[in-house]
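We're numbering straight along the sequence, starting at 1. None of these values were measured; they are calculated from a predicted model.
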Amino acid sequence: MTSAIVLAANRLAKFFGGIEALREVSFTVAAGEIVAVIGPNGAGKTTLFNVINGQLAPDEGSVTLLGKRIEGLPSRAIARAGIGRTFQVAATFASMTVRENVQTALAAHARKHYRVTSRATDIDIAEADALLDRVGMSAVADQGCATLPYGEAKRIELALALANAPKLLLMDEPTAGMPMPARGDVMRLASDLARREGMAVVFGHADRIIVLDRGRVAAEGSPEAIRADPRVRAIYLGAG
């Protein structure tokens, strides 16, 4: 049975002055599929993510999430539509505990409002703890985020993204700055979440790889096919 298409990018283009950051980029991502977007520095990877999640509006083309056009919408509207994102540098509230970070994300997703005498962190405790359990961080729920090793902070950022109950998760350089053992742990965690919950994931190592070069899709296929593709070797050799 064919999985439903979660994301469809069609002929996306983005220009910065006379520079083509993206040009005619098209691809789809199905439910439960893990897709990598790779390429040398300046290939357009982060620009593509920024267009998909609304930080940038495309100059041409469309982005469809679950059959609905979303290109040009504000990031908050796209997040509510079902796209989550993690960033190259882990983004958490350092002054809060781990649990308080997740409670705040849950409250934002639910658009909850509070009386002057109440706090967001007085509610959603069970839901926050359940999310922390999903990412293997229950043991540090009461610890301050500022005290966490970087690899654990990346897991908390993943929990914050999951608080939005996304249908698609964008992970921008998910293992940047992490030691090798922690990289494998985060990759396995994201892969397990995608396959167990039917969530589409776009990030580092994947079922299918899209290679960007100078803003265009240069190659696409399985990891094995991409490794054997002489065009891909030429791109990386040419990137110096």
Determine yes or no for a side-chain-to-main-chain donor-acceptor pair under 3.5 angstrom, with Asp59 supplying the side chain and Phe15 the backbone. yes

Ignoring hydrogens and angles, tell me if any N or O in the side chain of Lys45 forms a donor-acceptor pair with the backbone of Gly39 under 3.5 Å. yes

Pair Arg69, Asn10: side-chain N/O donor-acceptor within cut-off below 3.5 Å: no

Check: Asp133 side chain, Ser138 main-chain N or O, donor-acceptor pair, under 3.5 Å: no

Looking at residues at least two apart in the chain, or sitting in another chain, which of them share a side-chain contact (heavy atoms from CB on, under 4.5 Å) with Ala141? Arg99, Asp129, Leu132

Okay, side chain of Lys167, backbone of Ile83: is any donor-acceptor separation there less than 3.5 Å? no

Go through it in stages, so that I can follow the logic: the residues are Val37 and Leu212, the test is side chain to side chain contact (heavy atoms under 4.5 Å, CB included), and I'd like the CA-CA distance, side-chain angles, deciding distance and then a yes or no. CA-CA 7 Å; Val37 180; Leu212 289 185; 3.9 Å; yes

Between Asn101 and Phe93, what is the shortest heavy-atom contact and its length? OD1-N, 2.7 Å

Would you indicate whether the side-chain heavy atoms of Ile210 and Val217 approach each other to under 4.5 Å? yes

Distance-only, no hydrogens or angles: does the Glu100 side chain make a donor-acceptor pair with backbone N or O of Thr97 under 3.5 Å? yes

Please check this pair: side chain of Glu33 against backbone of Ala30, looking for a donor-acceptor N/O pair closer than 3.5 Å. yes

Could you walk me through whether Arg23 and Arg214 pass the side chain to side chain contact (heavy atoms under 4.5 Å, CB included) test, one step at a time? CA-CA 8 Å; Arg23 166 57 80 178; Arg214 301 177 186 178; over 6 Å; no

Taking the side chain as every heavy atom from C-beta outward, state whether Val35 and Ile209 have any atom pair closer than 4.5 Å. no

Evaluate Arg134 against Arg155 for side chain to side chain contact (heavy atoms under 4.5 Å, CB included), listing each step before the verdict. CA-CA 10 Å; Arg134 285 167 68 188; Arg155 283 177 174 257; over 6 Å; no

Side chains of Leu170 and Thr86: closer than 4.5 Å at any heavy-atom pair? no

Enter the distance from Lys154:NZ to Leu148:CG here, rounded to the nearest 0.5 Å. 13.5 Å

Do Asn164 side-chain atoms and Pro166 backbone N/O form a donor-acceptor pair below 3.5 Å? no

Is there side-chain contact between Leu12 and Glu60, with at least one heavy-atom pair below 4.5 Å? no

Do the side chains of Leu22 and Leu48 get nearer than 4.5 Å, heavy atoms only? yes

Counting C-beta onward and ignoring hydrogens, is there a side-chain heavy-atom pair between Thr104 and Met96 closer than 4.5 Å? yes

Nearest 0.5 Å please: distance from the CD1 atom of Ile78 over to the CD atom of Glu71. 8.5 Å

pair Arg216-Glu20: side-chain heavy atoms closer than 4.5 Å: yes

Please determine whether residues Leu168 and Ile5 belong to a single hydrophobic cluster, defined as Ile, Leu, Val, Met, Phe, Trp and Tyr linked transitively by side-chain heavy-atom distances below 4.5 Å. no

Can you check side chain to side chain contact (heavy atoms under 4.5 Å, CB included) on Arg11 and Val25, steps first, answer last? CA-CA 5 Å; Arg11 300 176 66 88; Val25 173; over 6 Å; no

Considering only heavy atoms from C-beta outward, does the side chain of Pro58 approach that of Lys14 to under 4.5 Å? no

